[in-house]
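Numbered from 1 within each chain, the chains take letters A, B, ... in sequence-line order.
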Number of protein chains: 2
Amino acid sequence: MLQVSQEILFLKELDLLKDINRISSITSGTRRENSAEHSWHVSMMPLVFGKYAKPGIDLSKVTSMLLIHDIVEIDAGDIYAFDTAAREAAYETELAAAKRIFGMLDDERGQNLLNLWLEFEANETPEAQFAKILDLTIPTVVNYYSGGLAWIEKGISHQQVLNHLQGPVEGYSIALWQMILPLLDDARLKGWLKV
Amino acid sequence: MLQVSQEILFLKELDLLKDINRISSITSGTRRENSAEHSWHVSMMPLVFGKYAKPGIDLSKVTSMLLIHDIVEIDAGDIYAFDTAAREAAYETELAAAKRIFGMLDDERGQNLLNLWLEFEANETPEAQFAKILDLTIPTVVNYYSGGLAWIEKGISHQQVLNHLQGPVEGYSIALWQMILPLLDDARLKGWLKV
(Lines give C-alpha, C1' and ligand atoms only; values in the text may rest on other atoms or scores of the structure.)
Protein backbone atom coordinates (compact mmCIF):
# COMPACT_ATOMS: atom_id res chain seq x y z
CA MET A 1 0.00 0.00 0.00
CA LEU A 2 1.43 3.36 -1.07
CA GLN A 3 2.03 5.61 1.93
CA VAL A 4 1.82 9.28 1.02
CA SER A 5 2.63 12.19 3.35
CA GLN A 6 -0.03 14.72 4.26
CA GLU A 7 2.02 17.44 2.55
CA ILE A 8 1.91 15.59 -0.76
CA LEU A 9 -1.83 14.91 -0.42
CA PHE A 10 -2.34 18.61 0.30
CA LEU A 11 -0.41 19.54 -2.86
CA LYS A 12 -2.54 17.08 -4.82
CA GLU A 13 -5.70 18.67 -3.39
CA LEU A 14 -4.52 22.17 -4.37
CA ASP A 15 -4.27 21.04 -7.97
CA LEU A 16 -8.08 20.97 -8.10
CA LEU A 17 -8.16 24.78 -8.00
CA LYS A 18 -6.98 24.61 -11.64
CA ASP A 19 -10.40 23.14 -12.50
CA ILE A 20 -12.41 25.98 -10.91
CA ASN A 21 -13.40 28.43 -13.63
CA ARG A 22 -14.21 32.08 -13.09
CA ILE A 23 -16.62 34.19 -15.16
CA SER A 24 -13.76 36.27 -16.57
CA SER A 25 -11.78 35.24 -19.65
CA ILE A 26 -8.02 35.38 -19.96
CA THR A 27 -6.85 38.34 -22.06
CA SER A 28 -6.30 36.24 -25.18
CA GLY A 29 -10.06 35.63 -25.04
CA THR A 30 -9.62 31.93 -25.75
CA ARG A 31 -11.12 30.52 -22.57
CA ARG A 32 -12.28 31.36 -19.06
CA GLU A 33 -9.72 32.09 -16.35
CA ASN A 34 -9.34 29.52 -13.59
CA SER A 35 -8.88 30.32 -9.92
CA ALA A 36 -5.35 28.89 -9.69
CA GLU A 37 -3.92 31.14 -12.41
CA HIS A 38 -5.91 34.09 -11.03
CA SER A 39 -4.32 33.37 -7.65
CA TRP A 40 -0.88 33.58 -9.23
CA HIS A 41 -1.73 36.78 -11.11
CA VAL A 42 -3.04 38.59 -8.04
CA SER A 43 -0.18 37.25 -5.89
CA MET A 44 2.22 39.06 -8.23
CA MET A 45 0.58 42.36 -7.29
CA PRO A 46 2.34 43.00 -3.96
CA LEU A 47 5.67 42.89 -5.86
CA VAL A 48 4.40 45.52 -8.30
CA PHE A 49 1.92 47.63 -6.33
CA GLY A 50 3.57 47.43 -2.91
CA LYS A 51 4.37 51.15 -3.03
CA TYR A 52 0.64 51.90 -2.83
CA ALA A 53 0.21 49.96 0.44
CA LYS A 54 -0.19 51.80 3.72
CA PRO A 55 3.15 52.29 5.55
CA GLY A 56 4.41 49.47 7.76
CA ILE A 57 2.49 46.74 6.02
CA ASP A 58 3.94 43.20 5.85
CA LEU A 59 3.85 42.61 2.10
CA SER A 60 4.94 38.99 2.36
CA LYS A 61 1.88 38.32 4.51
CA VAL A 62 -0.28 40.00 1.86
CA THR A 63 1.25 37.67 -0.72
CA SER A 64 0.56 34.61 1.44
CA MET A 65 -3.06 35.69 1.88
CA LEU A 66 -3.51 36.14 -1.86
CA LEU A 67 -1.91 32.76 -2.57
CA ILE A 68 -4.45 31.00 -0.34
CA HIS A 69 -7.51 33.27 -0.61
CA ASP A 70 -9.38 31.21 -3.23
CA ILE A 71 -8.45 27.68 -2.13
CA VAL A 72 -11.88 27.29 -0.49
CA GLU A 73 -13.35 27.39 -4.01
CA ILE A 74 -12.19 23.78 -4.45
CA ASP A 75 -15.30 22.90 -2.40
CA ALA A 76 -17.39 26.04 -2.65
CA GLY A 77 -16.90 27.10 -6.27
CA ASP A 78 -16.31 30.61 -7.57
CA ILE A 79 -18.93 33.28 -7.00
CA TYR A 80 -19.20 36.17 -9.41
CA ALA A 81 -18.26 39.51 -7.87
CA PHE A 82 -21.61 41.10 -8.71
CA ASP A 83 -23.70 38.25 -7.29
CA THR A 84 -23.95 39.85 -3.84
CA ALA A 85 -26.62 37.51 -2.45
CA ALA A 86 -24.64 34.41 -3.35
CA ARG A 87 -21.46 35.92 -1.88
CA GLU A 88 -23.09 36.47 1.49
CA ALA A 89 -24.72 33.05 1.53
CA ALA A 90 -21.44 31.33 0.75
CA TYR A 91 -19.50 32.16 3.88
CA GLU A 92 -20.47 29.08 5.90
CA THR A 93 -19.68 26.80 2.96
CA GLU A 94 -16.34 28.50 2.46
CA LEU A 95 -15.51 28.28 6.16
CA ALA A 96 -16.23 24.53 6.15
CA ALA A 97 -14.03 24.22 3.04
CA ALA A 98 -11.20 26.11 4.72
CA LYS A 99 -11.39 23.85 7.76
CA ARG A 100 -11.41 20.70 5.64
CA ILE A 101 -8.67 21.66 3.20
CA PHE A 102 -6.24 23.43 5.53
CA GLY A 103 -7.01 20.72 8.11
CA MET A 104 -5.35 18.21 5.79
CA LEU A 105 -2.17 19.57 7.38
CA ASP A 106 -3.10 18.51 10.91
CA ASP A 107 -0.50 20.64 12.67
CA GLU A 108 0.64 24.24 13.13
CA ARG A 109 0.94 24.75 9.37
CA GLY A 110 -2.72 23.93 8.72
CA GLN A 111 -3.81 26.10 11.63
CA ASN A 112 -1.65 28.99 10.35
CA LEU A 113 -3.19 28.75 6.88
CA LEU A 114 -6.71 28.66 8.34
CA ASN A 115 -5.92 31.70 10.49
CA LEU A 116 -4.52 33.51 7.47
CA TRP A 117 -7.70 32.82 5.49
CA LEU A 118 -9.90 33.94 8.43
CA GLU A 119 -7.84 37.14 8.71
CA PHE A 120 -8.26 37.82 4.99
CA GLU A 121 -12.01 37.27 5.18
CA ALA A 122 -12.41 39.46 8.30
CA ASN A 123 -10.80 42.34 6.36
CA GLU A 124 -9.67 44.15 9.50
CA THR A 125 -5.87 44.03 9.58
CA PRO A 126 -3.78 46.24 7.27
CA GLU A 127 -2.55 43.18 5.36
CA ALA A 128 -6.07 41.81 4.80
CA GLN A 129 -7.30 45.22 3.66
CA PHE A 130 -4.54 45.64 1.09
CA ALA A 131 -4.96 42.05 -0.14
CA LYS A 132 -8.71 42.65 -0.60
CA ILE A 133 -8.04 45.87 -2.53
CA LEU A 134 -5.66 44.08 -4.91
CA ASP A 135 -8.15 41.24 -5.40
CA LEU A 136 -10.85 43.81 -6.15
CA THR A 137 -8.63 45.65 -8.63
CA ILE A 138 -7.22 42.94 -10.88
CA PRO A 139 -10.50 41.79 -12.52
CA THR A 140 -10.84 45.21 -14.17
CA VAL A 141 -7.47 44.73 -15.87
CA VAL A 142 -8.20 41.17 -17.00
CA ASN A 143 -11.74 41.99 -18.14
CA TYR A 144 -10.69 45.13 -19.99
CA TYR A 145 -7.89 43.42 -21.93
CA SER A 146 -10.06 40.44 -22.79
CA GLY A 147 -12.34 42.89 -24.63
CA GLY A 148 -14.86 43.10 -21.80
CA LEU A 149 -16.15 39.57 -22.40
CA ALA A 150 -17.39 38.94 -18.84
CA TRP A 151 -18.99 42.39 -18.54
CA ILE A 152 -20.80 41.92 -21.84
CA GLU A 153 -21.92 38.36 -21.00
CA LYS A 154 -23.33 39.46 -17.66
CA GLY A 155 -24.69 42.82 -18.88
CA ILE A 156 -22.75 44.80 -16.28
CA SER A 157 -23.03 48.61 -16.26
CA HIS A 158 -20.30 51.19 -15.68
CA GLN A 159 -22.21 52.36 -12.61
CA GLN A 160 -22.37 48.84 -11.17
CA VAL A 161 -18.59 48.55 -11.34
CA LEU A 162 -18.16 52.00 -9.80
CA ASN A 163 -20.54 51.07 -6.97
CA HIS A 164 -18.52 47.93 -6.35
CA LEU A 165 -14.99 49.33 -6.62
CA GLN A 166 -14.76 53.06 -6.18
CA GLY A 167 -15.51 53.25 -2.44
CA PRO A 168 -12.94 50.69 -1.31
CA VAL A 169 -10.24 51.21 -3.97
CA GLU A 170 -10.27 55.03 -4.07
CA GLY A 171 -10.70 55.04 -0.28
CA TYR A 172 -7.53 52.98 0.03
CA SER A 173 -5.36 54.59 -2.65
CA ILE A 174 -6.29 57.43 -4.99
CA ALA A 175 -3.28 56.54 -7.17
CA LEU A 176 -4.52 52.97 -7.62
CA TRP A 177 -8.02 54.14 -8.42
CA GLN A 178 -6.67 56.57 -11.00
CA MET A 179 -5.03 53.65 -12.80
CA ILE A 180 -8.27 51.69 -12.96
CA LEU A 181 -10.84 54.36 -13.74
CA PRO A 182 -9.59 55.09 -17.30
CA LEU A 183 -10.08 51.41 -18.19
CA LEU A 184 -13.65 51.52 -16.92
CA ASP A 185 -14.40 54.77 -18.72
CA ASP A 186 -12.95 53.42 -21.96
CA ALA A 187 -14.92 50.18 -21.55
CA ARG A 188 -18.09 52.27 -21.35
CA LEU A 189 -17.11 54.20 -24.48
CA LYS A 190 -16.50 50.92 -26.30
CA GLY A 191 -19.88 49.57 -25.20
CA TRP A 192 -18.37 46.76 -23.10
CA LEU A 193 -19.95 48.23 -19.97
CA LYS A 194 -23.52 49.47 -20.25
CA VAL A 195 -24.09 53.20 -19.73
CA MET B 1 -6.00 58.35 -26.30
CA LEU B 2 -6.17 56.00 -23.33
CA GLN B 3 -3.23 56.52 -20.98
CA VAL B 4 -2.35 53.36 -19.08
CA SER B 5 0.25 53.12 -16.30
CA GLN B 6 3.26 50.86 -16.67
CA GLU B 7 2.04 48.78 -13.72
CA ILE B 8 -1.24 47.99 -15.48
CA LEU B 9 0.57 47.16 -18.74
CA PHE B 10 2.86 44.85 -16.78
CA LEU B 11 -0.15 43.07 -15.24
CA LYS B 12 -1.62 42.72 -18.72
CA GLU B 13 1.65 41.22 -19.97
CA LEU B 14 1.73 38.71 -17.10
CA ASP B 15 -1.66 37.40 -18.20
CA LEU B 16 0.05 35.84 -21.23
CA LEU B 17 1.69 33.24 -18.98
CA LYS B 18 -1.77 31.64 -18.76
CA ASP B 19 -1.38 30.73 -22.45
CA ILE B 20 1.96 28.93 -22.02
CA ASN B 21 1.32 25.22 -21.76
CA ARG B 22 3.60 22.71 -20.11
CA ILE B 23 4.01 19.05 -21.03
CA SER B 24 2.36 17.92 -17.79
CA SER B 25 -1.40 17.56 -17.40
CA ILE B 26 -3.41 18.80 -14.44
CA THR B 27 -4.39 15.97 -12.08
CA SER B 28 -7.95 15.74 -13.44
CA GLY B 29 -6.26 14.73 -16.71
CA THR B 30 -8.53 17.01 -18.73
CA ARG B 31 -5.88 19.29 -20.22
CA ARG B 32 -2.26 20.37 -20.02
CA GLU B 33 -1.10 22.54 -17.15
CA ASN B 34 -0.17 26.13 -17.94
CA SER B 35 2.79 27.98 -16.49
CA ALA B 36 0.69 30.54 -14.57
CA GLU B 37 -1.20 27.93 -12.55
CA HIS B 38 2.02 25.93 -12.10
CA SER B 39 3.60 29.12 -10.72
CA TRP B 40 0.78 29.39 -8.17
CA HIS B 41 1.03 25.74 -7.22
CA VAL B 42 4.78 25.81 -6.63
CA SER B 43 4.53 29.21 -4.85
CA MET B 44 2.28 27.50 -2.28
CA MET B 45 5.13 25.14 -1.40
CA PRO B 46 7.14 27.43 0.92
CA LEU B 47 4.02 27.70 3.12
CA VAL B 48 3.77 23.91 3.32
CA PHE B 49 7.36 22.65 2.99
CA GLY B 50 9.14 25.53 4.74
CA LYS B 51 10.16 23.23 7.57
CA TYR B 52 12.42 21.33 5.17
CA ALA B 53 14.37 24.46 4.20
CA LYS B 54 17.87 25.03 5.56
CA PRO B 55 17.88 27.15 8.76
CA GLY B 56 17.87 30.92 8.41
CA ILE B 57 16.34 30.98 4.95
CA ASP B 58 14.09 33.88 3.92
CA LEU B 59 10.96 31.97 2.86
CA SER B 60 9.17 35.06 1.57
CA LYS B 61 12.06 35.59 -0.87
CA VAL B 62 11.71 31.95 -1.96
CA THR B 63 8.02 32.61 -2.63
CA SER B 64 8.81 35.73 -4.65
CA MET B 65 11.33 33.80 -6.73
CA LEU B 66 8.82 31.06 -7.43
CA LEU B 67 6.14 33.59 -8.36
CA ILE B 68 8.39 35.11 -11.03
CA HIS B 69 10.56 32.15 -12.08
CA ASP B 70 8.60 31.23 -15.22
CA ILE B 71 7.58 34.70 -16.44
CA VAL B 72 10.35 34.56 -19.07
CA GLU B 73 8.35 31.78 -20.75
CA ILE B 74 6.01 34.45 -22.11
CA ASP B 75 8.74 35.05 -24.70
CA ALA B 76 10.84 31.88 -24.47
CA GLY B 77 8.18 29.18 -24.05
CA ASP B 78 8.30 26.22 -21.69
CA ILE B 79 11.07 23.66 -22.00
CA TYR B 80 10.50 20.11 -20.87
CA ALA B 81 12.58 19.13 -17.84
CA PHE B 82 14.21 16.19 -19.64
CA ASP B 83 15.16 18.17 -22.74
CA THR B 84 18.59 19.06 -21.38
CA ALA B 85 20.02 20.42 -24.63
CA ALA B 86 17.10 22.81 -25.14
CA ARG B 87 17.33 23.94 -21.52
CA GLU B 88 20.96 24.95 -21.87
CA ALA B 89 20.42 26.65 -25.21
CA ALA B 90 17.52 28.69 -23.85
CA TYR B 91 19.38 30.79 -21.33
CA GLU B 92 20.17 33.74 -23.60
CA THR B 93 16.58 33.84 -24.87
CA GLU B 94 15.27 33.73 -21.33
CA LEU B 95 17.67 36.46 -20.19
CA ALA B 96 16.49 38.72 -23.01
CA ALA B 97 12.89 37.94 -22.02
CA ALA B 98 13.60 38.81 -18.39
CA LYS B 99 15.14 42.13 -19.41
CA ARG B 100 12.24 42.99 -21.69
CA ILE B 101 9.40 41.96 -19.37
CA PHE B 102 10.76 43.14 -16.02
CA GLY B 103 12.03 46.26 -17.82
CA MET B 104 8.42 47.25 -18.44
CA LEU B 105 8.67 48.55 -14.87
CA ASP B 106 11.44 51.06 -15.63
CA ASP B 107 12.40 51.69 -12.03
CA GLU B 108 13.68 49.96 -8.90
CA ARG B 109 10.82 47.44 -8.98
CA GLY B 110 11.73 46.14 -12.43
CA GLN B 111 15.40 45.98 -11.47
CA ASN B 112 14.54 44.10 -8.28
CA LEU B 113 12.48 41.54 -10.20
CA LEU B 114 15.28 41.06 -12.74
CA ASN B 115 17.80 40.60 -9.92
CA LEU B 116 15.51 38.09 -8.25
CA TRP B 117 15.23 36.09 -11.47
CA LEU B 118 19.02 36.21 -12.01
CA GLU B 119 19.53 35.02 -8.43
CA PHE B 120 17.11 32.13 -8.98
CA GLU B 121 18.85 31.12 -12.19
CA ALA B 122 22.34 31.32 -10.66
CA ASN B 123 21.21 28.83 -7.98
CA GLU B 124 23.85 29.94 -5.48
CA THR B 125 22.03 31.62 -2.58
CA PRO B 126 20.13 29.54 0.01
CA GLU B 127 16.82 30.98 -1.22
CA ALA B 128 17.52 30.16 -4.87
CA GLN B 129 18.61 26.63 -3.96
CA PHE B 130 15.44 25.90 -1.99
CA ALA B 131 13.24 27.46 -4.69
CA LYS B 132 14.92 25.24 -7.33
CA ILE B 133 14.40 22.13 -5.17
CA LEU B 134 10.69 22.89 -4.81
CA ASP B 135 10.37 23.54 -8.55
CA LEU B 136 12.11 20.22 -9.22
CA THR B 137 9.86 18.36 -6.79
CA ILE B 138 6.34 19.43 -7.72
CA PRO B 139 6.17 17.90 -11.23
CA THR B 140 6.43 14.41 -9.71
CA VAL B 141 3.30 15.08 -7.65
CA VAL B 142 1.34 16.54 -10.57
CA ASN B 143 2.49 13.86 -13.01
CA TYR B 144 1.81 11.01 -10.60
CA TYR B 145 -1.74 12.13 -9.78
CA SER B 146 -2.58 12.79 -13.44
CA GLY B 147 -1.93 9.08 -14.01
CA GLY B 148 1.58 9.62 -15.37
CA LEU B 149 0.31 11.16 -18.62
CA ALA B 150 3.42 13.24 -19.37
CA TRP B 151 5.81 10.42 -18.48
CA ILE B 152 3.92 8.00 -20.72
CA GLU B 153 3.70 10.50 -23.60
CA LYS B 154 7.42 11.20 -23.47
CA GLY B 155 8.47 7.60 -22.71
CA ILE B 156 10.36 8.61 -19.57
CA SER B 157 12.03 5.91 -17.48
CA HIS B 158 12.22 5.59 -13.69
CA GLN B 159 15.99 5.88 -13.94
CA GLN B 160 15.77 9.10 -15.96
CA VAL B 161 13.71 10.72 -13.23
CA LEU B 162 16.08 9.46 -10.55
CA ASN B 163 19.05 10.85 -12.49
CA HIS B 164 17.31 14.19 -12.72
CA LEU B 165 15.96 14.49 -9.17
CA GLN B 166 17.71 12.30 -6.66
CA GLY B 167 21.03 14.13 -6.49
CA PRO B 168 19.64 17.61 -5.88
CA VAL B 169 16.48 16.72 -3.90
CA GLU B 170 17.97 14.03 -1.63
CA GLY B 171 21.12 16.14 -1.31
CA TYR B 172 19.00 19.02 -0.05
CA SER B 173 16.53 17.17 2.17
CA ILE B 174 16.29 13.44 2.78
CA ALA B 175 12.78 13.94 4.21
CA LEU B 176 11.60 15.61 1.03
CA TRP B 177 13.14 12.90 -1.14
CA GLN B 178 11.45 10.22 0.95
CA MET B 179 8.09 11.80 0.16
CA ILE B 180 8.74 11.74 -3.58
CA LEU B 181 10.46 8.41 -4.09
CA PRO B 182 7.36 6.25 -3.27
CA LEU B 183 5.44 8.03 -6.02
CA LEU B 184 8.18 7.30 -8.53
CA ASP B 185 8.45 3.67 -7.45
CA ASP B 186 4.70 3.23 -7.67
CA ALA B 187 4.65 4.89 -11.11
CA ARG B 188 7.17 2.29 -12.27
CA LEU B 189 5.03 -0.52 -10.86
CA LYS B 190 2.01 0.88 -12.68
CA GLY B 191 3.95 1.12 -15.93
CA TRP B 192 3.73 4.92 -16.11
CA LEU B 193 7.51 5.16 -15.91
CA LYS B 194 9.52 2.70 -17.99
CA VAL B 195 11.70 0.22 -16.10
Side-chain angles (χ1 to χ4, degrees), chain A residues 2-5 7-8 10-12 14-19 26-28 30-31 33-41 43-52 58-61 63-64 67-68 71 105 109 112-113 116 137-138 140-142 144-146 175-176 178-180 182-183 185-186, chain B residues 2-5 7-8 10-12 14-19 26-28 30-31 33-41 43-52 58-61 63-64 67-68 71 105 109 112-113 116 137-138 140-142 144-146 175-176 178-180 182-183 185-186:
Chain A
L2 179 65
Q3 293 289 323
V4 183
S5 73
E7 291 97 334
I8 298 294
F10 183 73
L11 268 192
K12 173 198 177 199
L14 293 184
D15 199 80
L16 299 176
L17 197 59
K18 301 169 188 172
D19 279 319
I26 61 173
T27 63
S28 61
T30 49
R31 60 172 175 81
E33 184 184 31
N34 70 63
S35 292
E37 62 197 358
H38 156 72
S39 294
W40 167 74
H41 206 179
S43 295
M44 280 296 301
M45 289 185 81
L47 291 169
V48 180
F49 292 86
K51 65 196 265 192
Y52 305 108
D58 177 353
L59 282 177
S60 72
K61 189 175 181 183
T63 302
S64 297
L67 281 168
I68 67 151
I71 288 173
L105 302 170
R109 290 170 299 178
N112 288 345
L113 293 178
L116 201 59
T137 299
I138 197 167
T140 293
V141 180
V142 174
Y144 179 82
Y145 287 107
S146 74
L176 198 51
Q178 286 174 341
M179 288 186 217
I180 294 302
L183 302 183
D185 290 347
D186 196 54
Chain B
L2 179 66
Q3 293 288 322
V4 182
S5 73
E7 292 97 333
I8 299 293
F10 183 73
L11 268 192
K12 174 197 176 197
L14 292 184
D15 200 80
L16 299 176
L17 197 59
K18 301 170 187 170
D19 279 318
I26 62 173
T27 63
S28 62
T30 50
R31 60 172 175 81
E33 184 183 31
N34 70 64
S35 292
E37 62 197 359
H38 156 72
S39 295
W40 167 74
H41 206 180
S43 295
M44 280 295 303
M45 289 187 79
L47 290 169
V48 180
F49 293 85
K51 64 195 267 192
Y52 305 107
D58 177 353
L59 282 177
S60 71
K61 190 175 180 182
T63 302
S64 297
L67 281 168
I68 68 151
I71 288 173
L105 301 171
R109 289 171 298 178
N112 288 344
L113 293 178
L116 201 60
T137 299
I138 198 167
T140 293
V141 180
V142 174
Y144 179 82
Y145 286 108
S146 75
L176 198 52
Q178 286 174 341
M179 288 185 218
I180 294 303
L183 302 182
D185 290 348
D186 196 55

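Heavy-atom distances place no part of A:Leu116 under 4.5 Å from chain B, backbone and side chain included. B:Thr27 touches chain A through backbone and side chain together, each having a heavy atom under 4.5 Å away. For chain A, the nearby part of B:Val141 is the side chain; its heavy atoms alone come within less than 4.5 Å. Looking at B:Asn34, only its side chain comes within 4.5 Å of chain A, counting heavy atoms on both sides. For chain A, the nearby part of B:Gln3 is the backbone; its heavy atoms alone come within less than 4.5 Å. Looking at B:Leu11, both its backbone and its side chain come within 4.5 Å of chain A, counting heavy atoms on both sides. Heavy-atom distances place no part of B:Thr140 under 4.5 Å from chain A, backbone and side chain included.
Distance check, rounded to the nearest 0.5 Å: OG of B:Ser146 to NZ of A:Lys12 gives 11.5 Å. Expressed to the nearest 0.5 Å, how far CG of A:Leu59 lies from OG of B:Ser60 amounts to 9.5 Å. To the nearest 0.5 Å, the span separating CG on B:Leu14 from CG on A:Leu47 amounts to 10.0 Å. Atom CZ of B:Phe49 is separated from atom CD1 of A:Ile8 by 4.5 Å, given to the nearest 0.5 angstrom. Rounded to the nearest 0.5 Å, atoms OG (A:Ser5) and CD1 (B:Ile180) are 7.5 Å apart. Taken to the nearest 0.5 Å, the CZ atom of A:Phe10 stands 11.5 Å off from the CE atom of B:Met45.
In this structure, the side chains of B:Leu17 and A:His41 stay at 4.5 Å or more apart for every pair of heavy atoms. Residues A:Tyr52 and B:Glu7 have side chains in contact (heavy-atom distance under 4.5 Å, counting atoms from C-beta outward). The shortest distance between side-chain heavy atoms of B:Leu67 and A:Thr63 falls below 4.5 Å.
Contact count against chain A (heavy-atom pairs under 4.5 Å) is highest for B:Ser39 among B:Ser64, B:Gly50, B:Ser39. When the candidates A:Lys61, A:Lys51, A:Glu33 are compared by the number of heavy-atom contacts under 4.5 Å with chain B, A:Lys51 comes out ahead. Taking B:Ile26, B:Val4, B:Asn112 one by one and counting their heavy-atom pairs under 4.5 Å with chain A, the maximum is reached by B:Ile26.
In plain terms, the two heavy atoms of B:Leu2 and A:Pro182 that are nearest each other are CD1-O, 3.5 Å. Across all their heavy atoms, A:Trp40 and B:Ala36 have their closest contact at CB-O, 3.4 Å.
Partners of B:Asp15 under the salt bridge (Lys or Arg N to Asp or Glu O under 4.0 Å) rule, at least two apart in sequence or in another chain, are B:Lys18.
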